[in-house]
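Scope of the values below: all heavy atoms of this structure, side chains included, with no hydrogens, waters or symmetry mates.
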2 protein chains.
Amino acid sequence: MGQLAMTHSDSVAQKALDLASRRMPGLESMSLNLQRDLRALARDKVEIPSGKSIVIEDARCPQLYLVEQGWVLRSRGLASGRRQIVNYALPGDLLCTDSLLFKVSGFDLLARTPVALIRIDAPSGAELFERYPALAAAVAWTAGQDESILAERVVSLGRRDSLEKLSHALCEMEARLASIGMMRGQAIELPFNQEDFADMLGISVIHVNRTFRKLAEEKIALYRKGSIEIRDSARLKQIAAFDPDYLHLS
Amino acid sequence: MGQLAMTHSDSVAQKALDLASRRMPGLESMSLNLQRDLRALARDKVEIPSGKSIVIEDARCPQLYLVEQGWVLRSRGLASGRRQIVNYALPGDLLCTDSLLFKVSGFDLLARTPVALIRIDAPSGAELFERYPALAAAVAWTAGQDESILAERVVSLGRRDSLEKLSHALCEMEARLASIGMMRGQAIELPFNQEDFADMLGISVIHVNRTFRKLAEEKIALYRKGSIEIRDSARLKQIAAFDPDYLHLS
DNA sequence: CGAGGCGTTGACACCCATCAACATGGGTGG
DNA sequence: CCACCCATGTTGATGGGTGTCAACGCCTCG
């Protein structure tokens, strides 16, 4: 793949490529072209230790990454010290698609676990759309999927109470993880602590704790460090009024 | 323009085309191609009276619209009767870009004023990206801009109090309207009532009223039916910590 | 063994929702 | 032209959901 030497880890990289190219409904015919484009343009692999923020060194030149492993948080820190997590990226997700369309965005990227990224030497501007239609389609599709996820988050933040917010977030995580084969039984394994949930749901840490307790008392879901056990998926979905269509998964 | 006869209103349509094709930084070189594509694919004009919702008749075939006149609200109604406005579209904006990438979305479109739309017979799937790169770029760019706006809204809803939320929304409206030449002096002319603000900001109508009163007492902004007078733009931006970069306007 | 991250719990305060009542103004029909 | 109505805006009283503060427990790691 490009200048990237074939190594023992290529099966993992291949898996990320498969994930990225497989889940665009209506664009199946471009799957092979996309894989070819990604391989041709892949420059190298970047490994980021857990907890480190992903800095975009050169804001002038386009940056595109394919997540191979780990969880990446996209968030905004406010002057008052508050923080809002906007979204998270998982293996198979394209990162920084906005840098191909605009200058770089005003959000922070944080590796919440050890993260492996495949760096893509993507052209920006007209060249992207004229010479790499499959890659352009993937970028557009990713932007559309992200927009859809954010629209749903706007609804959650605006018009759902804390129990509904948390339930909805858990349903979404379960669906996204399941779609990439990262669910083991009924347990969501995730690197979020309760403060992360607070900053994603727009409520306080203490209230996240109270809300998890409510879910535990009702035997719906059980929070533990590093994992959440879903014990009554049906009720969880009912509380959240969860409809997975907006994720546009296969 | 396609099967659309040249009429006296074509100067208006031309203006919408200009707006749509002009504001993609980095993609200026595709502007002319985009105008050509839009003209070639334009099918007809749809006029929707104020207050009517825009129904997508055939969810299976792709729908793409260019807003020529009026305000379109994108919202979600919840079972409990609550409503959340996710975004709004103005003249020059592309609507329903998601229908080219996925099946149709779960949100409602409402004409908040009399609305004129130019319907585009856009191809979906691989054909869009392989045969119409300029249109594909516009769709991708719109999806990216919408995502960026929604990300900012997530921050507002999650981590700003009501005064900051309202101030930020007003700053955004001023910037978006100014960019398409719809600001007259310091007055924002808009079809939002206080309930619309409530459903956009995720707070109650009554609290919207109290927050406007606070802005009026401080001589920062003055709400009237149908318009808002900005009297101290600097303080408004300061309260909102407003940075217009995320709108990606010229 | 100490320190620090994280989770848990309770007391209290406040922002904002809810409810209710009234004001205003534009539109409609008699 | 007036009476009425309905949408919208305004204001106050009250309550609940959630934030803030404080303290403590547990576990991990150095």
Side-chain angles (χ1 to χ4, degrees), chain A residues 49-52 73 78 80-85 110 112-113 156-169 188-218 221-229 239, chain B residues 49-52 73 78 80-85 110 112-113 156-170 188-217 221-229 239:
Chain A
S50 176
K52 222 181 127 189
L73 298 191
L78 275 70
S80 53
R82 293 170 287 185
R83 181 179 71 142
Q84 177 66 42
I85 294 174
L110 175 70
R112 199 61 183 80
T113 64
S156 255
L157 288 165
R159 287 303 187 209
R160 293 199 243 254
D161 66 25
S162 58
L163 188 65
E164 295 169 329
K165 283 177 189 170
L166 180 55
S167 302
H168 198 277
I188 301 177
E189 288 173 29
L190 84 179
F192 279 41
N193 60 24
Q194 297 190 354
E195 189 171 358
D196 293 325
F197 275 101
D199 290 339
M200 182 168 60
L201 304 178
I203 60 182
S204 69
V205 197
I206 288 109
H207 209 67
V208 169
N209 189 285
R210 286 195 274 249
T211 310
F212 266 124
R213 197 199 318 172
K214 211 176 288 184
L215 287 178
E217 282 167 355
E218 303 265 346
L222 192 57
Y223 177 91
R224 291 195 207 87
K225 258 186 194 172
S227 79
I228 292 164
E229 186 186 340
I239 292 172
Chain B
S50 176
K52 224 183 124 187
L73 300 191
L78 277 69
S80 52
R82 292 168 288 186
R83 181 180 71 141
Q84 177 66 42
I85 294 174
L110 175 70
R112 199 63 183 80
T113 65
S156 256
L157 288 165
R159 289 299 187 213
R160 295 200 242 252
D161 66 26
S162 59
L163 188 66
E164 295 168 329
K165 282 177 191 172
L166 180 56
S167 302
H168 197 278
L170 294 180
I188 301 177
E189 287 172 28
L190 84 179
F192 280 40
N193 59 22
Q194 297 190 354
E195 189 173 358
D196 293 323
F197 275 101
D199 289 340
M200 183 168 60
L201 304 179
I203 60 182
S204 70
V205 197
I206 288 115
H207 209 69
V208 169
N209 187 285
R210 285 194 271 253
T211 310
F212 267 123
R213 196 200 318 173
K214 210 175 288 183
L215 286 177
E217 283 167 356
L222 191 57
Y223 176 91
R224 290 196 207 88
K225 259 186 195 172
S227 78
I228 293 163
E229 187 187 339
I239 292 172

*Asks:* Figure out the NZ/P separation between A:Lys225 and C:dG5, and round it to whole Å.
*Replies:*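 Distance, rounded to whole Å: 12 Å.
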*Asks:* What is the separation between atom OH on A:Tyr223 and atom C1' on D:dC27, rounded to the nearest whole Å?
*Replies:*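 Rounding to the nearest Å, OH of A:Tyr223 and C1' of D:dC27 are 13 Å apart.
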*Asks:* What integer distance in Å separates B:Asn193:CG from C:dG25:C1'?
*Replies:*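 Checked: the CG to C1' distance equals 15 Å.
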*Asks:* Test your reading of the model: is there a side-chain donor-acceptor pair from B:Glu217 to the backbone of B:Lys214, 3.5 Å cut-off?
*Replies:*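 Not at all, since once roles are kept as given, no pair shorter than 3.5 Å links the two residues.
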*Asks:* When you measure from every atom of DNA chain D, which of residues 203-211 of chain B have a heavy atom less than 4.0 Å away?
*Replies:*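 Heavy-atom contacts with DNA chain D come from B:Ile206, B:Asn209, B:Arg210.
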*Asks:* Could you tell me how far apart A:Phe197 (CZ) and C:dT8 (C1') are, to the nearest whole angstrom?
*Replies:*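 Rounding to the nearest Å, CZ of A:Phe197 and C1' of C:dT8 are 17 Å apart.
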*Asks:* If the plane angle is over 60° it's perpendicular, under 30° parallel, otherwise tilted; pick one for B:Phe212 and B:Tyr223.
*Replies:*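 Tilted.
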*Asks:* Grab the CG-P distance between A:Leu157 and D:dT18 for me, whole Å please.
*Replies:*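 Atom CG in A:Leu157 sits about 13 Å away from atom P in D:dT18.
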*Asks:* Just so I know, are the side chains of B:Asp196 and B:Val208 near enough to count as touching, which here means a heavy-atom distance under 4.5 Å?
*Replies:*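 SC-SC contact between B:Asp196 and B:Val208 ruled out.
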*Asks:* Taking atom C1' of D:dA7 as reference, at what distance in whole Å does atom CD of B:Glu195 sit?
*Replies:*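 It is 10 Å, rounded to the nearest whole Å.
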*Asks:* Tell me whether the side-chain N/O atoms of A:Gln194 come closer than 4.0 Å to OP1 or OP2 in C:dT8.
*Replies:*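 Yes, within the criterion.
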*Asks:* How about A:Leu157 and A:Gln84: do any of their side-chain heavy atoms sit closer than 4.5 Å?
*Replies:*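 In contact.
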*Asks:* With distance as the sole test, does A:Arg82 use its side chain to make a donor-acceptor pair with the main-chain N or O of B:Arg159 at under 3.5 Å?
*Replies:*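 Yes, because the side chain of A:Arg82 sits within donor-acceptor range (under 3.5 Å) of the backbone of B:Arg159.
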*Asks:* Which nucleotide sits closest to the side chain of B:Arg213: C:dC16, D:dG12, C:dC6?
*Replies:*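 The closest nucleotide is D:dG12.
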*Asks:* Does any N or O in the side chain of B:Ser50 come within less than 3.5 Å of the main-chain N or O of B:Arg112, such that one atom is a donor and the other an acceptor?
*Replies:*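 Yes, the answer is positive, given that a donor and an acceptor are paired below the 3.5 Å cut-off.
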*Asks:* Over how many whole Å does the gap from B:Phe212 atom CZ to D:dT10 atom P extend?
*Replies:*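 Going from B:Phe212 (CZ) to D:dT10 (P), I get 9 Å.
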*Asks:* Write down the distance between CZ (B:Arg159) and C1' (D:dG19), rounded to a whole number of angstrom.
*Replies:*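 Interatomic distance, CZ of B:Arg159 to C1' of D:dG19: 10 Å.
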